[in-house]
Novice: 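Starting off with a structure, shown below.
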Amino acid sequence: MPRKPKAGAAARGAPERGPDEGWGRIYRVVAMIPAGRVATYGQIAALAGLPRQARQVGFALAALTGEPAVPWHRVINARGEISLGADTRSGRRQRGLLESEGVRFDANGRVSLAEFGWQQ
DNA sequence: ATTCTGACTTGGG
DNA sequence: CCCCAAGCCAGAA
């Protein structure tokens, strides 16, 4: 079984991305957010052990393209507002999903983090 | 290999 | 309340 090896391409210092590394870690934390509650990007990053990577959380969620196992709609920005435009399809869907879980939005389109924030 | 782009946060003025 | 700059990572072209 001379396999014509490539000199161990994967044996190099290639960091095997497991479910507990990278974005998998983020998805895991987002999945813990209880229904009817919201968390901020920064909060997710911190809980995932990725301080200062709030931005990365947003990118991670944007990359998942619609995985039902991840309640991405429960993640909003620190201002208590949905980061997707209220005029975008996804934005409206996010708001709709949250409202269906009991989350209330004020006239400003903002959510009270003090009231609906997860673990505050 | 390099460059660009994104669902953000925080601190200061 | 608004605006600006820096810190951060992964994937596509």
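Reminder, nothing fancy here: chain letters follow the sequence lines and each chain counts from 1.
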Novice: To the nearest Å, how far apart are A/Leu50 CG and B/dC8 C1'?
Specialist: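 Atom CG in A/Leu50 sits about 14 Å away from atom C1' in B/dC8.
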Novice: For A/Phe59 and B/dC4, give me the distance from atom CZ to atom C1', rounded to whole Å.
Specialist: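 Going from A/Phe59 (CZ) to B/dC4 (C1'), I get 12 Å.
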Novice: Choosing from B/dC8, C/dC8, B/dA7, which nucleotide comes nearest the side chain of A/Trp72?
Specialist: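 My answer, after comparing the listed nucleotides, is B/dA7.
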Novice: Write down the distance between CD1 (A/Ile26) and C1' (C/dA10), rounded to a whole number of angstrom.
Specialist: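 Nearest whole value for this atom pair: 10 Å.
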Novice: Let me know the distance between CZ of A/Arg52 and P of C/dC9, rounded to the nearest Å.
Specialist: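 In whole Å, C/dC9 P lies 12 Å from A/Arg52 CZ.
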Novice: Looking at every heavy atom in both A/Gly36 and A/Phe116, which two are closest together, and how far apart are they?
Specialist: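 Scanning both residues completely, I find the closest heavy atoms to be O-CD2, 3.7 Å.
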Novice: Check whether any side-chain heavy atom of A/Gln94 lies under 4.5 Å from a side-chain heavy atom of A/Leu84, and answer yes or no.
Specialist: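 Yes - at least one pair of side-chain heavy atoms lies under 4.5 Å apart.
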Novice: Rounded to whole angstrom units, what separation is found between the CD atom of A/Glu81 and the C1' atom of B/dT9?
Specialist: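 It is 15 Å, rounded to the nearest whole Å.
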Novice: With heavy-atom distances below 4.5 Å as the criterion, would you say the side chains of A/Ile26 and A/Gln53 are in contact?
Specialist: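 When only atoms from C-beta onward are counted, A/Gln53 and A/Ile26 do not touch, as no gap falls below 4.5 Å.
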Novice: Whole angstrom is fine here: how far is it from CD in A/Gln56 over to P in C/dC8?
Specialist: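 After rounding, the gap between these two atoms is 12 Å.
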Novice: What integer distance in Å separates A/Leu47:CG from B/dT9:P?
Specialist: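 Roughly 14 Å, once rounded to whole Å.
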Novice: Taking 4.0 angstrom as the limit, do A/Arg104 and A/Glu115 come out as a salt bridge?
Specialist: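 No salt bridge links A/Arg104 with A/Glu115.
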Novice: Does a distance-only test, which skips hydrogens and angles, find a donor-acceptor pair under 3.5 Å between the side chain of A/Arg55 and the base of C/dG7?
Specialist: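 Counting by modelled atom types and ignoring angles, a donor-acceptor contact under 3.5 Å is found here.
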Novice: Can you identify which nucleotide, out of C/dC9, C/dA10, B/dA7, has its nearest atom closest to the A/Trp23 side chain?
Specialist: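 The listed nucleotide nearest to A/Trp23's side chain is C/dA10.
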Novice: From the list B/dC8, B/dA7, C/dC1, which nucleotide is the closest neighbour of the side chain of A/Arg110?
Specialist: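 It is C/dC1.
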Novice: Rounding to an integer number of Å, can you tell me how far A/Asn77 CG sits from B/dT10 C1'?
Specialist: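 Nearest whole value for this atom pair: 13 Å.
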Novice: Using a cut-off of strictly less than 4.0 Å, decide whether A/Arg79 has a side-chain nitrogen or oxygen near OP1 or OP2 of B/dT10.
Specialist: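 For A/Arg79, the contact criterion (side-chain N or O under 4.0 Å from OP1 or OP2 of B/dT10) is not met.
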